[in-house]
Amino acid sequence: MSTQPPSRPHRGGPGSEGTGTSALPSPALRGATLIPDTVVARIAVRAAYEALTRQGGEPPVRFGLGTPRTTATVHDGSVRLGVSLELPYPVDIARAGGEIRHYMAERVSHLTGLRVDGITVSVQRLVAGRSLRRGRVE
C-alpha cells in the first residue's frame, strides 16, 4: 500500500510542452477582471482626497472640508466619474477643479487599469477659513 498521493499532470507552465497537457489559453480567451462601480467609486474618493491634500499641503480636514463623494459608471473598460466636494474659500474654483480632475483621472486609471472617459466635478460648498493657497486674494 502506497502512502504517496496519486500524481497529477501539470497544467501549463514551463516544461509542460512534453507532458501531453495543453498550455494555458491565450490571455484574450481566459476572461477579464471586472471591477464593480462601487469599488471604482471608493478609489475615486481616495484620489479626490489625495488631490485636495496635494493642493493644500495638508489633509482637507485641517481646512474644515468634508469627505468627497463620488459616483462611477464602468462600461467596456472605461469609467465615467462624478465627484462632489467642498473647497476652502477663497480659492480659484476653475483651477482647483481642473487640478482635481487631472489628478483623479491619472490615479484612477493607474490603480484600476480603466480608461477614464470623463469626470464631473461639483463644488457643493465653499468653506470660509484657511485657503488652499495661503496669501492674499487680489
Table please: side-chain donor-acceptor pairs of residues 105-113 below 3.5 Å, with sequence neighbours left out.
{"residue": "Glu106", "atom": "OE2", "partner": "His102", "partner atom": "NE2", "Å": "2.9"}
{"residue": "Arg107", "atom": "NE", "partner": "Glu50", "partner atom": "OE1", "Å": "3.0"}
{"residue": "Ser109", "atom": "OG", "partner": "Leu114", "partner atom": "O", "Å": "3.2"}
{"residue": "Thr112", "atom": "OG1", "partner": "Val108", "partner atom": "O", "Å": "2.6"}
{"residue": "Thr112", "atom": "OG1", "partner": "Leu114", "partner atom": "N", "Å": "3.1"}

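- Residues Thr120 and Val83 form no side-chain contact, since every pair of their non-hydrogen atoms from C-beta on lies 4.5 Å or further apart.
- Here the shortest heavy-atom pairing between Gly64 and Arg125 reads O-NH2, 4.1 Å.
- How far CD1 of Ile119 is from OH of Tyr103: 12.0 Å, rounded to the nearest 0.5 Å.
- Two different hydrophobic clusters hold Leu52 and Val61 under the rule that ILVMFWY side chains link at heavy-atom gaps under 4.5 Å.
- The hydrophobic clustering, which links ILVMFWY residues whose side-chain heavy atoms are closer than 4.5 Å, places Val79 and Tyr49 apart.
- Put simply, the side chain of Arg62 does not reach to within 4.5 Å of the side chain of Pro60, judged on heavy atoms.
- The two residues Pro68 and Leu85 come nearest to each other via the heavy atoms CB-CB, 4.2 Å.
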Which donor-acceptor pairs under 3.5 Å do side chains of residues 33-42 form with protein atoms, sequence neighbours excluded?
{"residue": "Asp37", "atom": "OD1", "partner": "Val74", "partner atom": "N", "Å": "3.1"}

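- Considering CG of Leu81 and CE of Met104, their distance stands at 5.0 Å, rounded to 0.5 Å.
- Looking at residues two or more places apart in sequence or on another chain, you find no side-chain contact (heavy atoms from CB on, under 4.5 Å) involving Thr71.
- Counting only heavy atoms from C-beta outward, the side chains of Val45 and Arg69 never approach each other to under 4.5 Å.
- Nearest heavy atoms, Gly97 versus Val121: O-CG2, 4.1 Å.
- Side-chain N or O atoms of Gln55 include one that pairs as donor or acceptor with a backbone N or O of Ala96 at under 3.5 Å.
- Although no hydrogens or angles enter the test, the distance criterion places no donor-acceptor pair under 3.5 Å between the side chain of Arg80 and the main chain of Thr73.
- No side-chain donor-acceptor contact under 3.5 Å links Glu86 to the backbone of Leu126.
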